[in-house]
Amino acid sequence: TKLEVFDHELEKTIESHNQRLDKHQEEQKITLALVQRMDHLNENIGELKGNIEEVRSKLERIIIK
């Protein structure tokens with residue numbers, strides 16, 4: 001019947017939307033992981049800059065003496 005056909009088409013549409021949502025959710029997880037890695041990398045770069053400044057300062061004191 002027409003109602004059964006409509007119901008079947010609706011189920012296909014819902015399944016398609018669910019697949020898209022699942023894919024989107026997986027992409028969001030990947031994006032979040034990448035953002036967290038970038039944050040960690042930025043922290044490490046900040047620490048490295050501090051260490052470089054400390055070494056530079058010590059070298060300057062040694063050279064001045």
Checklist line | Side-chain donor or acceptor of Ser57 paired with backbone N/O of Glu53 under 3.5 Å | finding: no

Note to self: Let me confirm one number: the CG-CD distance from Asn18 to Gln25, rounded to the nearest 0.5 Å.
What the structure shows: 11.0 Å

Next item on the list: Find the distance between CD (Glu26) and OG1 (Thr31) and round it off to the nearest 0.5 Å.
Entry: 10.0 Å

Checklist line | Straight-line distance of Lys49 NZ to Arg56 CZ, nearest 0.5 Å | finding: 11.5 Å

Item checked: Main-chain N/O of Lys12 paired to Ser16 side chain as donor or acceptor, under 3.5 Å -> no

Notebook entry, point to check: Which is it for Asp7 and Leu3 under the side chain to side chain contact (heavy atoms under 4.5 Å, CB included) test, yes or no, and what are the steps along the way?
Noted result: CA-CA 6 Å; Asp7 186 49; Leu3 199 50; 5.8 Å; no

Note to self: Return the CZ to CG distance between Arg37 and Asn42, rounded to the nearest 0.5 Å.
What the structure shows: 14.5 Å

Checklist line | CD1 on Ile14 to CG on Leu21, rounded to 0.5 Å | finding: 11.5 Å

Next item on the list: Please list, chain by chain and in numerical order, all residues satisfying side-chain contact (heavy atoms from CB on, under 4.5 Å) with Lys58, sequence neighbours excluded.
Entry: Glu54, Arg61

Notebook entry, point to check: What is the distance from atom CG of Asp22 to atom NE2 of His24, rounded to the nearest 0.5 Å?
Noted result: 11.0 Å

